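Worksheet: one structure, shown below.
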Amino acid sequence: MSVRLYNTIKRAKEEFIPIDDKKVGLYTCGPTVYNYAHIGNLRSFVFEDILKRTLKFLGYKVTQVMNLTDIDDKTIRDSIAANIPLRDYTQKYKDAFFEDLDKLRFDKAEVFPAATDHIKEMIELIKTLVDKGYAYQSEDGSIYYSIAKFSAYGKLARIDMKNQRSGVRIKTDEYEKDSVADFALWKAWTEGDGDNFWESPWGKGRPGWHIECSAMSMKYLGKTFDIHTGGVDNMFPHHEDEIAQSEAANGVKFVNYWMHCEYLIVEGQKMSKSLGNFFTLRDLEEKGYNCNAIRWVLISAHYRRTLNFTLEACKQAQETLKNFTSFFIRLKEIADSDKKGDDISATVNSHMEKFSEAMSDDLNISEALAAVFGLQKETNKLIASNILGQNAAATVLDAFKKFDSVLAVFEFEQKGNDIPEEITKLVEERQTARKNKDFATSDIIRDRLKDLGWSVEDTPKGPRISKI
RNA sequence: GGCGUGGUGCCCAAGUGGCCUAAGGGAGUGGUCUGCAAAACCAUUAUUCACCGGUUCGAAUCCGGUCCACGCCUCCA
């Protein structure tokens, strides 16, 4: 089956053909670790996770590199303001970031290179650019990339520099550049940087932001690699600058497929702190939303469409996932029984095929989810008419585990499998009450259990207890 | 000013020339099951795809215009 991906630089979907057969090199612009990631950051990371998982699902072996920007204006500014050494300051947010990745069930990148561990590589790359005449030193010692020297500049974002507004935003410190649009490769040390600097052939200073992605992607994935992803806002200037740096230095194509994730808005409005709709994962957890539901919301819209993130959607997602969990419990009960039934592998296969085809078509998640829901519905019908047997149930469960290797939102095992004694006791009491047809008491106990966070469903085989 | 995206039911969201009298989910309503619930099952909720005009045998899908929302144009995911 051929995989089709939307390649931003072509503005079209095209067949995905990796450089090396079934191996894929994937570079992802990671976070700047100066604060907690917000839900918008997380959306694009989740998109990249879905991309990676989909490729693996389709049989590719993926090497993903996600950089951590732990040196830039913001990290320096905030660490100095907090009076904490940069390294300690960024470590805190690196840790927080990895916590988020775990909570959202990421298939983590193979390499998470930190910028500060690759200063040497960046200096080498800058040297090459200076030697080749693409970069120059300004009066203050900083090194700038001269975009006028790279004729293809603007090919990704389709920006013609001649048409751009100019003059309005020139700040005094930019007068040292040959052209306003030139960007810094190496920033000469200033007092405001404190003791955050490295020695270089151009004196002490620190790297610019764009050079880190060029240097690190090259180191781990080679001069040309398959896929580069990021948020749409990174397209210009960041990705455009990466192309300029990498292609000028190496003389070969930088990236074959560019993929960009759209923005996220919250409750129909742009996310901002002043509107009070600025959420981190922590904020949402405090409000009582679980991470699977949040992940569900983030993956449930196509990555190239603006996603309207709402708390209502989180609630709905929780509802959906709860139904799936109870579906899995029922399936498991049948799978563990010795019930005979019809063979349904044809149904399972056709839904699996639909899912696979949908995801292969530029990650058409909506169609893929329709296939998932379709199999659930078909299976439920068989359960309702009592013809789903043990083997079939096991087959269906396997199929959902396969779906989940891409989606990573389902719970197959009951969390906290061990039900507290207190709960078991209450359930027993309730059973006794029910036997005695004392339904008033039975209902009171059920409410009580609900308050304690457990739900009881009465089935022919007895009560089914599950965590809410 | 330049470049670009989108407006589909109560909400979310696929579909981009005929299989669309528009997939799927959530929510609602009626029914089956249940002591009652929950879950599940059955039925039901857009002759219509922002608006106006055009192309076509045929348009949610193509073209033109209008309105609305949004993004990028130097470090913001």
Side-chain angles (χ1 to χ4, degrees), chain A residues 11 28-32 37-48 69 72-74 147 154 157-166 168-171 174 177 179-184 187 208-210 229-238 240-241 260-265 268-271 296-297 300-302 304-310 312-313 315-320 322-323 325-327 329-330 354 358 364-374 376-377 379-385 434 437-440 442-443 446-447 450 455-460 463-464 466:
Chain A
R11 300 291 191 277
T28 298
C29 287
T32 300
H38 57 68
I39 199 72
N41 301 127
L42 294 172
R43 191 221 176 165
S44 53
F45 296 136
V46 167
F47 143 65
E48 284 139 2
T69 301
D72 79 322
D73 293 345
K74 287 174 303 210
I147 63 161
R158 303 211 173 172
I159 281 175
D160 183 349
M161 296 314 286
K162 290 186 206 85
N163 286 339
Q164 296 313 302
R165 286 180 174 180
S166 61
V168 191
R169 298 207 184 187
I170 296 179
K171 292 178 207 143
E174 285 170 341
K177 299 192 220 172
S179 159
V180 193
D182 290 351
F183 59 91
K187 293 188 170 188
W209 176 41
H210 312 299
T229 62
V232 274
D233 58 315
N234 269 162
M235 191 159 96
F236 193 89
H238 187 235
E240 196 68 60
D241 291 349
H260 291 93
C261 181
E262 250 305 330
Y263 252 72
L264 165 137
I265 57 174
Q269 287 176 298
K270 194 171 172 172
M271 180 168 62
W296 178 278
V297 173
S300 59
H302 187 85
R304 281 191 286 118
R305 299 278 287 229
T306 308
L307 170 71
N308 185 13
F309 185 90
T310 64
E312 179 59 31
K315 246 186 250 161
Q316 291 190 4
Q318 252 163 219
E319 219 34 61
T320 304
K322 202 183 88 196
N323 290 349
T325 304
S326 105
F327 172 64
I329 292 171
R330 272 176 288 136
K354 259 196 202 160
N364 189 335
I365 190 82
S366 299
E367 296 239 345
L369 290 179
V372 173
F373 283 114
Q376 184 197 27
K377 192 158 198 158
T379 308
N380 271 329
K381 277 186 200 173
L382 297 176
I383 295 176
S385 47
R434 290 185 70 223
K437 303 224 182 288
D438 179 3
F439 298 118
S442 155
D443 289 350
R446 186 165 57 197
D447 287 344
K450 201 179 165 191
S455 79
V456 186
E457 296 168 54
D458 299 317
T459 76
R464 180 188 289 146
S466 56

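What you see is a predicted model; the values in this text were computed from it and never measured. Labels below follow one simple rule: chain letters A, B, ... track the order of the sequence lines, proteins then strands, and each chain is numbered from 1. Basis for what follows: all heavy atoms, side chains included, without hydrogens, waters or symmetry-related copies.
A/Thr310 comes within 4.0 angstrom of no nucleic acid atom, judged by non-hydrogen atoms across all strands.
Residue A/Lys377 places no side-chain N or O under 4.0 Å from the OP1 or OP2 atom of B/A23. Side-chain N/O atoms of A/Asn380 include one lying less than 4.0 angstrom from OP1 or OP2 on B/C41. Put simply, A/Lys450 has no side-chain N or O that comes within less than 4.0 Å of OP1 or OP2 on B/A37. Dashed line: the shortest gap from a side-chain N or O of A/Asn323 to OP1 or OP2 of B/G26 is under 4.0 Å.
One atom, CD1 of A/Ile147, and another, P of B/C73, lie 14 Å apart when rounded to the nearest Å. Atoms CG (A/Asn41) and P (B/C76) sit 12 Å apart, rounded to a whole Å. The nearest whole Å value for the distance from the CG atom in A/Asp233 to the P atom in B/C73 is 8 Å.
For the salt bridge (Lys or Arg N to Asp or Glu O under 4.0 Å) test, residues two or more places apart in sequence or in another chain that qualify with A/Lys315 are A/Glu312. Shown here are the side-chain hydrogen bond (donor to acceptor under 3.5 Å, both in side chains) partners of A/Thr32, two or more places apart in sequence or in another chain: there are none. By the side-chain hydrogen bond (donor to acceptor under 3.5 Å, both in side chains) test, A/Glu240 pairs with no residue at all, sequence neighbours left out. Applying the salt bridge (Lys or Arg N to Asp or Glu O under 4.0 Å) test to A/Arg446 and every residue at least two apart in sequence or in another chain returns A/Asp443. With sequence neighbours left out, A/Ser326 forms a side-chain hydrogen bond (donor to acceptor under 3.5 Å, both in side chains) with A/Arg330. Scanning for side chain to side chain contact (heavy atoms under 4.5 Å, CB included) contacts around A/Ala370 gives an empty result, with sequence neighbours left out. Partners of A/His38 according to the ring pair (Phe, Tyr, Trp, His ring centres under 6.0 Å) rule, which considers only residues two or more places apart in sequence or in another chain, are A/Phe278.
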If you restrict it to nitrogen or oxygen atoms, what contacts under 3.5 Å exist between nucleotides 14-17 of chain B and the protein, and what is each distance?
unit_1	atom_1	unit_2	atom_2	d
B/A14	OP1	A/His302	N	3.4
B/A14	O5'	A/Ser366	OG	3.2
B/A14	O2'	A/Glu367	OE2	3.0
B/G15	OP1	A/Asn364	ND2	3.2

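Using a 30° and 60° split on the angle between ring planes, A/His238 and A/His210 fall in the tilted class, from 30° to 60°.
Where pairing requires Watson-Crick or G-U contacts shorter than 3.5 Å, the helical stems of RNA chain B with at least three consecutive pairs are B:1-7 with B:67-73, B:10-12 with B:24-26, B:27-32 with B:40-45, B:50-54 with B:62-66.
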